[in-house]
Number of protein chains: 2
Amino acid sequence: MLSPTARVILGMIRLGRRSGYEIKQLVDVSTRFFWAASYGQIYPELKRLEESGLVRSEDASTNGRARRAYELTERGDEALDEWLRSGAPLAFEMRDEGMLKLFFSDGVPAEHRLANVRAMRAHHGELAAHLRSIEPAAREKGGGPYAALRYGLAFHDFCAGYLSDLEPELEAELARR
Amino acid sequence: MLSPTARVILGMIRLGRRSGYEIKQLVDVSTRFFWAASYGQIYPELKRLEESGLVRSEDASTNGRARRAYELTERGDEALDEWLRSGAPLAFEMRDEGMLKLFFSDGVPAEHRLANVRAMRAHHGELAAHLRSIEPAAREKGGGPYAALRYGLAFHDFCAGYLSDLEPELEAELARR
DNA sequence: CTTTGCATGTAAACCGTTACATGATTTT
DNA sequence: AAAATCATGTAACGGTTTACATGCAAAG
């Protein structure tokens, strides 16, 4: 069974021969929002994947600049396919500190509750803006990455919008004192 | 500074004198969807919080049934307030395996892509249904917990709806072969 | 009398982030 | 000459889940 991090790594490698460094860059501009990975996970996992024969690597240095490029083996390709096609339960986790504050906010002054909701809205707004900025480039390429981007964009827009609608209520409460 | 788990624990205790067991039950029916906690975190953290003077405990056994009830100390109350009022950046993390599969789904047959989207929709649909089932009780009590519930409900409804709209596209693609 | 629920806890394994160390190359 | 970027990696720490161990009480 593929470890959590192995899933992104194999997926990124199938998109083309890649180094650990490149995988990290790619993750940071694409899946990061729903599936992150750090160097501390990527490099050791690449080693493990090579040991278990799912990837194969080659030196790909260019004039003195060290670089090790990985590609899928046949077994790696199969493992990735198997995961993509399996109907196993999908991990879904969310941690939202703003929501936790909202939950416990009964004792605190309306002023702080409003600040919290505004911070939440700002966060979703920024993510949506970022995704919108890369949308044209992603549209060109289409496919799965573009579908994921559109979903993420819709999602963050929705959150920002919902929270935005919440603000007037809190502002009214604040003014009512 | 409060550890992640300390935040839920203190919040739950402020809602009333509680045992570790009760905190876990409460988390499981309320904050779980945006902030989970396991026994393995709760019991040790309660000890740490007591050592650092943020909570105080008493034996609350009733005829042979062991039970240790915790309540906030003044310092615990202040620490909770400080967190709730602080403008520190809010943790927000999401891990969505369905989205990751969607991202990498270009190679796989439309059939599997459709199954994935359906599974994602089902998941959000079930969560929304669950929240809807406890909505009336939460409405009675109102306040922060109810606000969080409404947000969560709107959120999962939105996701289920979006994914639902995606299905016909994939079904068409499937039929087109 | 057996199962479910109340109740507390620990240990191991796993996962993940952060910070650090190193060094070459390209850009400013 | 300095700063940014390419590139690889490790160690320490912190956080989380899972599985296990224990035992009494209530309900069926």
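Throughout, protein chains are lettered first and strands after them, A, B, ... in sequence-line order, and every chain is numbered starting at 1.
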Taking the minimum atom-to-atom distance to the side chain of [X], which one of [options] wins?
X	options	answer
Arg67(B)	dT5(D), dA7(C), dG16(C)	dA7(C)
Lys47(A)	dG9(D), dG5(C), dG9(C)	dG9(D)
Arg95(A)	dG16(C), dT5(D), dT16(D)	dT16(D)
Ser38(B)	dT17(D), dA7(C), dT8(D)	dT17(D)

Atom-pair distance ([atom1] on [X]; [atom2] on [N]), nearest Å:
X	N	atom1	atom2	result
Glu58(A)	dT8(D)	CD	C1'	18 Å
Ile42(A)	dG9(D)	CD1	P	12 Å
Ile23(A)	dC6(D)	CD1	C1'	15 Å
Glu93(B)	dG16(C)	CD	C1'	10 Å
Tyr39(B)	dA12(C)	OH	P	22 Å
Lys24(A)	dT5(D)	NZ	C1'	15 Å
Arg17(B)	dA7(C)	CZ	P	12 Å
Glu45(A)	dT17(C)	CD	P	13 Å

For Tyr43(A) and Gly64(B), take the nucleotide of DNA chain D holding the closest heavy atom to each; which residue's nucleotide lies nearer the 5' end? Tyr43(A)
Is a salt bridge present between [X] and [Y], judged by a nitrogen-to-oxygen distance below 4.0 Å?
X	Y	value
Arg56(A)	Glu50(A)	no
Glu111(B)	Arg85(A)	no
Arg18(A)	Glu71(A)	no
Glu135(B)	Arg132(B)	no

Do Glu97(A) and Trp35(B) have side chains that get closer than 4.5 Å, going by heavy atoms? yes
Short side-chain N/O contact to [N] OP1/OP2 from [X], under 4.0 Å:
X	N	value
Thr5(B)	dT16(D)	yes
Gln41(B)	dG15(D)	no
Tyr21(A)	dT8(D)	no

Nearest-nucleotide comparison on DNA chain C, the residue closer to the 5′ end among Arg65(A) and Ser19(B): Ser19(B)
Between Gln25(B) and Leu46(B), which has a closest nucleotide on DNA chain C that is more 5'? Gln25(B)
